[in-house]
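Worksheet: the structure to be examined is printed underneath.
All values reported here derive from a predicted model rather than from experimental measurement.
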Amino acid sequence: FPALFLTLAACSSTKEVKTTDAVQPITKADKADNSFAAKNNASVYTEVAFDAGSSELSANDQQALRNLVQTSMQNGAIDKLKVITWSDREYPVGKRKDLPLADQKLADRRNEAIKSYLSSYSPDLDVQAFNMAKKPNMVQELFKTSDARTKQAFLDSGTVSIDNNGVENPAVAKASKSLILSVIKQ
């Protein structure tokens with residue numbers, strides 16, 4: 001499944017982002033992902049899709065990750081990469097609890113596969129992983145940890161595919177996917 005590759009001008013900068021042929025301009029259809037990337041100060045991001053129950057990266061996904069790093073480096077030094085990964089179910093919103101342990105472990109394996117690949121490609125990268133099968137706990141929310149802030153930015157961006165009433169919006173579904181955001185040093 002080919003990865004979708006997009007760019008986003010950093011919110012705090014008017015600097016023009018250099019792109020490669022693999023990078024496409026933002027479209028209206030990408031509004032929610034763009035908002036999420038902007039709330040995380042990302043200048044470039046990509047999305048990869050996993051087969052159900054799998055944490056294997058396809059050759060296309062590996063190429064998308066290489067393109068992400070290369071495009072990011074053309075635009076400046078990479079501060080960090082944020083890997084936001086779902087299991088085969090959507091993020092638990094509202095009063096819903098964490099997803100079952102099997103889903104949490106699947107999202108962890110997917111995060112590890114991406115982190116491992118990125119580290120083998122470019123060992124000096126700071127890669128932060130976020131498991132979207134787990135909600136932040138009370139301490140994380142109180143101290144506004146990176147995990148809590150990232151997940152709140154996700155909720156604030158309108159990317160949620162299931163609302164508090166359980167109504168699905170398949171247009172923004174993230175189950176079985178990862179968003180990889182590149183934050184460039186300012």
Side-chain angles (χ1 to χ4, degrees), residues 1 3-6 32-42 44-58 61-62 64-65 68-69 72 78-123 125-164 166 168-170 172-183:
F1 189 85
L4 180 59
F5 201 45
L6 303 165
D33 284 346
N34 294 337
S35 174
F36 181 53
K39 288 178 187 295
N40 279 279
N41 299 316
V44 180
Y45 71 95
T46 193
E47 180 177 282
V48 298
F50 292 93
D51 290 334
S54 174
S55 59
E56 297 281 324
L57 288 169
S58 71
D61 292 335
Q62 291 175 3
L65 293 172
L68 175 77
V69 172
S72 298
I78 298 173
D79 183 34
K80 63 187 155 213
L81 295 175
K82 289 186 172 187
V83 179
I84 298 99
T85 302
W86 286 257
S87 67
D88 291 335
R89 298 182 194 199
E90 296 298 331
Y91 183 70
V93 295
K95 296 185 189 280
R96 293 175 57 195
K97 304 256 186 238
D98 291 342
L99 294 180
L101 188 58
D103 286 292
Q104 294 176 35
K105 288 182 177 183
L106 177 60
D108 283 337
R109 285 193 311 273
R110 289 173 174 171
N111 271 334
E112 190 53 42
I114 293 170
K115 284 178 68 171
S116 177
Y117 181 78
L118 289 168
S119 293
S120 71
Y121 180 69
S122 185
L125 292 173
D126 176 10
V127 181
Q128 301 174 353
F130 301 90
N131 184 331
M132 296 302 283
K134 299 177 190 176
K135 293 176 85 170
N137 62 38
M138 291 174 62
V139 173
Q140 291 170 319
E141 288 180 349
L142 177 66
F143 289 102
K144 297 186 184 340
T145 64
S146 181
D147 187 68
R149 287 190 317 271
T150 298
K151 291 174 182 178
Q152 189 60 51
F154 169 73
L155 294 172
D156 293 346
S157 71
T159 311
V160 179
S161 68
I162 301 175
D163 68 17
N164 289 335
E168 290 190 44
N169 179 359
V172 292
K174 293 294 177 210
S176 301
K177 295 178 182 173
S178 287
L179 282 175
I180 302 87
L181 312 174
S182 177
V183 179

* Structure fact -> Contacts of Lys134 meeting salt bridge (charged side-chain N to carboxylate O under 4.0 Å, His left out) (sequence neighbours excluded), chain-then-number -> Asp108
* State, to 0.1 Å, how close Ala42 and Leu181 come at their nearest heavy-atom pair, and which atoms those are. => CB-CB, 3.7 Å
* Asked: Are Ser87 and Leu99 close enough that some pair of their side-chain heavy atoms sits under 4.5 Å apart?
  -> yes
* Gap between atom CD1 of Ile78 and atom OG of Ser122 - 0.5 Å precision -> 6.5 Å
* Asked: Does Trp86 have its ring centroid less than 6.0 Å away from the ring centroid of Phe154?
  -> yes
* Asked: What pair of heavy atoms forms the shortest contact from Leu57 to Ala113, and how long is it?
  -> CD1-O, 3.7 Å
* If you measure from CG on Leu65 to OH on Tyr117, what distance do you get to the nearest 0.5 Å? -> 7.0 Å
* Residues Lys135, Glu141: salt bridge by 4.0 Å N-O rule -> no
* To the nearest 0.5 Å, tell me how far Ser120 OG sits from Gln62 CD. => 8.0 Å
* Side chain proximity check, Phe50 to Ile114, heavy atoms < 4.5 angstrom -> yes
* Any chance you could measure Asp88, atom CG, to Leu106, atom CG, to the nearest 0.5 Å? => 5.0 Å
* Any side-chain heavy atom of Arg89 sitting closer than 4.5 Å to one from Pro100? -> yes
* Structure fact -> Taken to the nearest 0.5 Å, the spacing of Phe130 CZ from Asn111 CG works out to 9.0 Å
* Structure fact -> All heavy atoms of Leu125 vs all of Leu118, minimum pair found to be CD1-O, 4.0 Å
* Within a radius of less than 6.0 Å around CG of Asp51, do more than 12 heavy atoms belonging to other residues, nucleotides or ligands occur? -> no
* What heavy-atom pair brings Ala129 and Lys115 nearest, and what distance separates the two atoms? -> CB-CD, 3.7 Å
* Of all heavy-atom pairs between Asp79 and Asp126, which one has the smallest distance, and what is that distance? -> O-CB, 3.7 Å
* Structure fact -> Of Val69, Leu68, Ile180, the one forming a side chain to side chain contact (heavy atoms under 4.5 Å, CB included) with Val44 is Leu68
* Sub-3.5 Å donor-acceptor pair from the side chain of Arg110 to the main-chain atoms of Ser55, do we have one? -> no
* **side-chain contact (heavy atoms from CB on, under 4.5 Å) evaluation trace for Leu81 with Gln128** => CA-CA 6 Å; Leu81 295 175; Gln128 301 174 353; over 6 Å; no
* Does any N or O in the side chain of Glu90 come within less than 3.5 Å of the main-chain N or O of Ala175, such that one atom is a donor and the other an acceptor? -> yes
* Is any side-chain heavy atom of Gln104 less than 4.5 Å from a side-chain heavy atom of Asn131? -> yes
* Applying side chain to side chain donor-acceptor pair (under 3.5 Å), name anything that partners Lys151, two or more places apart in sequence or on another chain. => Asp147
* Asked: Is any side-chain heavy atom of Leu179 less than 4.5 Å from a side-chain heavy atom of Lys174?
  -> yes
* Report yes if the side chains of Met132 and Ile84 come closer than 4.5 Å at any heavy-atom pair, otherwise no. => yes
